[in-house]
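Proteins get letters first, then strands, A, B, ... in listed order; numbering begins at 1 in each.
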Amino acid sequence: MQRCCRVIVSQPAVLRPHKGNHAASRFCTAGFELPEWFRNPKKDGDSFDGDDHDKFVLPIKSDPVEERSHGGSSKPLSLRPEAASHEDAEFEADFDEASRILTSCFASPEAIVIAMDCCPVRVSDRMVDKILRRFGSDWVAAFGFFMWAGAQEGYCHSADSYNSMVDILGKFKQFDLMWGLITQMDEIGGLVSLATMTKVMRRLAGASRWSDAIDAFNKMDRFGVVKDTTAMNVLLDTLCKERSVKRARGAFQELRGSVPPDESSFNTLVHGWCKARMMNEARDTMKEMEEHGFKPSVITYTSLIEAYCMEKDFQTAYAILNEMRSKGCPPNVITYTIVMHALGKDGRTQEALDIFDKVRRDGCAPDASFYNSLIYILGRAGRLEDANSVVDKMSSTGVPPTVATFNTLISAACDHSQAENALKMLVRMEEQSCKPDIKTYTPLLKLCCKRQWIKVLRFLICHMFRKDITPDFSTYTLLVTWLCRNGKPAQSCLFLEEMVLKGFTPKKETFDLVVEKLDKANLHSAKKKVQLLTLRAAAVKV
DNA sequence: TGAAGTTTAA
């Protein structure tokens, strides 16, 4: 078992929110306005880069730039909108306190339990849910809190909380701990459900432990979860999505005697073959499907079309579209989205836009994903104005923009160096109560690294934290590598440290790059630190 | 997150 995987090293304050939350408040006001220094980066000699070349920490006491932009008012900015009620205020205060403790560095979940014992935080389902969401990328913190909460008098974890925790442990490959939790859920009685086992199977397969995923399916009736068609389909889908369609077929052949397949079982397999570009097998499965009395549906054909689109074989894709129409199984928005998107990606912009007319001719209503794809294509083609006007069209046709809409626009703006427009989009999201996700920030973070806008970067990370979004593995990798490549090895190093502390294992190339750049910059002590981290990360991996 | 589609990214 791998409990004490974290080591105590000095905490890089890259994401340190304690005191932290309050530091965040200076950046992230309730209404979220762009700071003055962002709008006028060069004013008063202030640049995006700003200060803090090596000390890349959140401002704790005061930030003159921020104060200036708010008229130097001494009133501290509030962290969040006024709490709706007294209970809400108490909840938020407790949440901040728990969050503060969890953000300190602990060697093990047990150490967190001890630390938490000294604090008077009130536990509730809501609290556990929010903590697990915020610390979903820090399994030691999440699990420590979870254990502590479970031991509080008068409180029992809900099945949902258990499931979230199972998922987090699985995400970090803490499979022993994960199974321990499942046993606990089973002992309490009736808490293990298909939802739980779905997470288990997906995380195991995601870690390339396909046979363990199949074993998990096989033994799930021991926990009172029925091995029915729905459950089998989850297993098949998991194996297909996690790069093992052959194992999916194997499992299917073994199970079909005891579990009756349905239309989705076959569609799942067809899709699996298509994703693996094994078209003969896909066609064979379609035949088999018909022998079982299931006619191939829009879903089946759409999978085929997608595979041909990925191959850029648009001729065949068009031929299948016609075949579908003639067979009385007309394509739908999803089918068209796939074709349009692939055309756009291939640079065939006009042909892609023609699909829009086809959709209307076929009388099928565009949905948000379809529009999002259209926006993506326009953005890629540099037609940002047009892309923005699609959003207006969406709203006018009763299809509200989604996170992906904004993310696509932000990404397009960043790609065309329109940083301010991208940032304004964040404001628009806030205005429209559209919750950002990690994909919202990635292009912005990358742009900041490229431009060496350390201050904006810090601002964004703060903003993310307030939204309960923490960098994932690829975001950390992006931050580390792009900062390194752009002459900010010291800051890059801090993110690398943070990344390891959160339980992520950076790739060897990432370490090598940082060491190389630190060396070139004569930052020897930082280099030594990174070399130590490399060893520790390797130890964690075992 | 999951029987098909959109946004990040090396």
Undergrad: Once you round it to whole Å, what is the distance between C1' of B:dA9 and CG of A:Leu447?
TA: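 Between C1' of B:dA9 and CG of A:Leu447: 15 Å.
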
Undergrad: State, with a plain yes or no, whether a side-chain heavy atom of A:Thr285 is found less than 4.5 Å away from one of A:Phe266.
TA: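 A side-chain contact exists here, since the closest heavy-atom pair is under 4.5 Å.
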
Undergrad: Can you confirm whether or not the ring centre of A:Phe314 sits under 6.0 Å from the ring centre of A:Tyr308?
TA: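 No, the ring of A:Phe314 stays outside the 6.0 Å limit from the ring of A:Tyr308, centre to centre.
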
Undergrad: Check every atom of B:dT7, B:dA3, B:dA9 against the side chain of A:Thr442 and return the nucleotide holding the closest atom.
TA: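 Among B:dT7, B:dA3, B:dA9, the one nearest the side chain of A:Thr442 is B:dA9.
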
Undergrad: May I ask you to check whether A:Thr408 and A:Asn372 show a side-chain donor-acceptor distance below 3.5 Å?
TA: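 There is no such pair (donor and acceptor under 3.5 Å, judged by atom type) between the side chains of A:Thr408 and A:Asn372.
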
Undergrad: Among B:dA3, B:dT7, B:dA4, which is the nearest nucleotide to the side chain of A:Thr302?
TA: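 Looking only at side-chain atoms, A:Thr302 lies closest to B:dA4.
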
Undergrad: Hey, does the side chain of A:His341 come within less than 4.0 Å of B:dT7's phosphate (OP1/OP2), counting only N and O?
TA: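 It does, given that an N or O in the side chain of A:His341 lies less than 4.0 Å from OP1 or OP2 of B:dT7.
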
Undergrad: Nearest to the side chain of A:Asn267, heavy atoms from C-beta on, is which of B:dA3, B:dT6, B:dT8?
TA: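 Selected nucleotide: B:dA3.
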
Undergrad: From CD1 of A:Ile299 over to C1' of B:dA4, roughly how many Å is that when rounded to an integer?
TA: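 After rounding, the reported distance stands at 6 Å.
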
Undergrad: Within the pair A:Lys446 and B:dA9, is there a side-chain N or O less than 4.0 Å away from OP1 or OP2?
TA: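 So the side-chain polar atoms of A:Lys446 do come within 4.0 Å of the phosphate oxygens OP1 or OP2 of B:dA9, strictly under.
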
Undergrad: Do A:Arg325 and A:Asn322 pair up side chain to side chain, a donor and an acceptor below 3.5 Å, judged on atom types alone?
TA: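 Yes, because at least one side-chain N or O of A:Arg325 sits under 3.5 Å from a partner of the opposite role on A:Asn322.
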
Undergrad: Under 4.0 Å between a side-chain N or O of A:Lys275 and OP1 or OP2 of B:dG5?
TA: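 Yes.
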
Undergrad: If I take atom CG in residue A:Asn163 and atom P in nucleotide B:dG2, what distance separates them, rounded to the nearest angstrom?
TA: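 So the two atoms are 14 Å apart, to the nearest Å.
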
Undergrad: Contact class for A:Thr408 (heavy atom, under 4.0 Å): base, sugar-phosphate, or nothing?
TA: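 The residue A:Thr408 makes sugar-phosphate contact but no base contact.
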
Undergrad: Under 4.0 Å, counting only non-hydrogen atoms across every strand here, what does A:Glu263 touch: a base, just sugar-phosphate, or nothing?
TA: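 Base, at least one base atom sits under 4.0 Å.
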
Undergrad: When the distance from CZ of A:Phe294 to C1' of B:dA3 is rounded to whole Å, what number comes out?
TA: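 To the nearest whole Å, that distance equals 13 Å.
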
Undergrad: Over 60° means perpendicular and under 30° means parallel, so classify the ring planes of A:Tyr371 and A:Phe356, tilted if in between.
TA: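 Answer is tilted, since the angle falls between 30° and 60°.
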
Undergrad: Parallel, tilted or perpendicular, judged at 30° and 60°: which one describes the rings of A:Phe146 and A:Phe143?
TA: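 The arrangement is parallel - the two ring planes meet at less than 30°.
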
Undergrad: Report yes if at least one side-chain N or O of A:Ser474 is closer than 4.0 Å to OP1 or OP2 of B:dA9; otherwise report no.
TA: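 So the side chain of A:Ser474 is outside the cut-off, no N or O lying under 4.0 Å from OP1 or OP2 of B:dA9.
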
Undergrad: Determine: side-chain N/O of A:Lys241 to OP1/OP2 of B:dA4, distance under 4.0 Å, yes or no.
TA: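 Checking A:Lys241 against B:dA4: at least one side-chain N or O falls below 4.0 Å of OP1 or OP2.
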
Undergrad: Counting side-chain heavy atoms from C-beta on, which of B:dA4, B:dT8, B:dA9 comes nearest to A:Ser303?
TA: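 Looking only at side-chain atoms, A:Ser303 lies closest to B:dA4.
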
Undergrad: Check every strand shown and say whether A:Asp437 touches a base, only sugar-phosphate, or nothing at a heavy-atom separation below 4.0 Å.
TA: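 Here A:Asp437 touches no strand at all.
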
Undergrad: Using whole Å, report how far OH of A:Tyr376 lies from C1' of B:dA9.
TA: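 It works out to 11 Å between those atoms.
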
Undergrad: Identify whether any heavy atom of A:Asp262 sits under 4.0 Å from a base atom; if not, whether one sits that close to sugar-phosphate; answer base, sugar-phosphate or nothing.
TA: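 Contact class for A:Asp262: none.
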
Undergrad: Write down the distance between CG (A:Asp160) and P (B:dT1), rounded to a whole number of angstrom.
TA: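 After rounding, the gap between these two atoms is 13 Å.
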
Undergrad: Work out how far the C1' atom of B:dT1 is from that of B:dT6, and round it to whole angstrom.
TA: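 Roughly 14 Å separates the two C1' atoms.
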
Undergrad: For a quick check of understanding: with a heavy-atom distance under 4.0 Å over all strands, which category does A:Phe370 fall into, base, sugar-phosphate or nothing?
TA: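 Counting heavy atoms under 4.0 Å across all strands, the contact made by A:Phe370 includes a base.
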
Undergrad: Can you check the A:Met197 CE to B:dG2 C1' distance for me, whole Å?
TA: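 Nearest whole value for this atom pair: 17 Å.
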
Undergrad: What about A:Ser369, does its side chain sit under 3.5 Å from the base of B:dT6 through a donor-acceptor pair?
TA: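 Answer is yes: a donor-acceptor pair is held.
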
Undergrad: Quick one: is A:Trp482 getting a side-chain N or O under 4.0 Å of the B:dA10 phosphate, OP1 or OP2?
TA: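 Indeed, a polar side-chain atom of A:Trp482 lies that close.
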
Undergrad: Examine the base of B:dG5 for any acceptor or donor lying under 3.5 Å from a partner atom in the side chain of A:Asn332, and report the outcome as yes or no.
TA: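 Per atom types, no contact qualifies.
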
Undergrad: Which of these nucleotides, B:dG5, B:dT6, B:dA4, is closest to any side-chain atom of A:Ser373?
TA: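 Within the option list, the nearest is B:dT6.
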
